[in-house]
2 protein chains.
Amino acid sequence: MTKRLAIGDLARLTGTKVNTIRFYEEIGLLPVALRTASGRRSYDTADLRRLSFIRHGRQLGFSIPEIRSLLALSDQPDRDCGEAAAIARAHLADIGIRIARLETLQTALTEVATSCEGGRAAECRVIEAIAGTELAL
Amino acid sequence: MTKRLAIGDLARLTGTKVNTIRFYEEIGLLPVALRTASGRRSYDTADLRRLSFIRHGRQLGFSIPEIRSLLALSDQPDRDCGEAAAIARAHLADIGIRIARLETLQTALTEVATSCEGGRAAECRVIEAIAGTELAL
DNA sequence: ACTTGATCCTCCAGTGACTGGAGGATGTAT
DNA sequence: ATACATCCTCCAGTCACTGGAGGATCAAGT
């Protein structure tokens, strides 16, 4: 039998609250956990990877329905490849925008962070970075 | 007098609910809005940019305290440059991680999206993409 | 001037995604 | 055997909105 993890271990390894893990099970983001003889939840490394994915996804601002649809890509072993491709494509555009915005913010913050050495306060373009250029109103 | 916007205009232009704009005013993310003679809120393009920043920031997964601290960089005209640089630096590491994760996810999704044309279902690396490589346990 | 429909106001209740705590059982280390 | 951490369930609270009631105001058309 490979290494099994208690809920607390999983929580520590992923930076998740124990209650949150139980919550994810309740709403079906994580599979119903196996139980030990005494009724405690027991996990393996697949659960660890899945939870890690969920947590990082949440930190990136994906909603739970979005994460569900991303997880669906992994959950369907090889059926309905066309549908999987459609889900993937639907997310790709959004991800491109996110990356672009983060990169603009990165540039703006780098400017702020380095401006002090340059002598005086930088022209602060932080809002402009993320506000979006489409607002030329 | 330059162009003034009603709360509904601001909502439409930024994709925000009217109630959410009032909420942001209440918690101090947006300045207390000017009012017309009849008591309606009135906005300008600075408010539009600020709200646009807030909304995009939220979509990128930044919490309201984080957004507050990013806005602080723009709000302080030129006082305490060192503090501003510290805030900027604190966010930069995090942003680098976000970008890297999104790029890995982008690669994984592109693989899924293009695999159908190649003939058979791709080995789905979506979870692996975001789960993080530090979990080699 | 009047009506109609959209928009605004305040206030307050509800939702999504957690977070924390009470009360009690179980595991582990001395 | 005693302690102390960890687990269980259940339920209440928080954060960031979201929606609706009840009522005033505005802008357009007749």
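Heavy-atom basis, side chains included; hydrogens, waters and symmetry copies ignored. Here the structure is a predicted model, which means the values were calculated and not measured.
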Using a cut-off of less than 4.0 Å, is there contact between a side-chain N or O of B/Thr20 and OP1 or OP2 of D/dT18? yes

If you compare every side-chain N and O of B/Tyr24 against the phosphate oxygens of D/dC17 (OP1, OP2), does one of them come in below 4.0 Å? yes

Taking B/Tyr43 as the starting point, is it possible to reach B/Ile27 by hopping between hydrophobic residues whose side chains are less than 4.5 Å apart? yes

Gap between atoms CZ and P, on A/Phe23 and C/dG21 respectively (whole Å): 19 Å

Starting from P on C/dG16, measure out to CD1 on A/Ile27 and report it in whole angstrom. 11 Å

Shortest non-hydrogen pair, A/Gln106 vs B/Ile99, comes out as OE1-CD1, 3.5 Å

C/dA25, OP1 or OP2 - any side-chain N/O from A/Ser38 closer than 4.0 Å? no

Salt-bridge present (A/Asp75, A/Arg50; N to O < 4.0 Å): yes

C/dC18 phosphate, OP1 or OP2, under 4.0 Å from A/Arg55 side-chain N/O: yes

Between CZ of A/Phe62 and P of C/dA17 the distance, given in whole Å, is 15 Å

Nearest-nucleotide comparison on DNA chain D, the residue closer to the 5′ end among B/Ala37 and B/Ile64: B/Ile64

Rounded to the Å, how far apart are A/Glu25 CD and C/dA17 P? 17 Å

To the nearest Å, how far apart are B/Gln59 CD and D/dC17 P? 10 Å

Taking atom C1' of C/dT19 as reference, at what distance in whole Å does atom CD of A/Glu26 sit? 13 Å

Between D/dC7 (P) and A/Lys17 (NZ): distance, integer Å: 15 Å

At under 4.0 Å between heavy atoms, which parts of nucleotides 4-15 of chain C does protein reach? Answer with one letter per nucleotide, 5' to 3': B base, S sugar-phosphate only, - none. ---BSSB-----

Identified side-chain contact (heavy atoms from CB on, under 4.5 Å) partner of B/Arg55 from the options B/Leu60, B/Ile21, B/Ile67, B/Thr16: B/Thr16

Whole-Å distance separating the CZ atom of B/Arg68 from the P atom of D/dC15: 11 Å

Which pair of non-hydrogen atoms, one from A/Leu73 and one from A/Ala84, has the smallest distance, and what is that distance? CD2-O, 3.2 Å

Heavy atoms only: give me the nearest B/Glu25-B/Pro31 pair and the separation to one decimal. CG-O, 4.0 Å

For A/Leu102 and B/Ile95, which heavy atoms make the closest approach, and how far apart are they? O-CG2, 3.7 Å

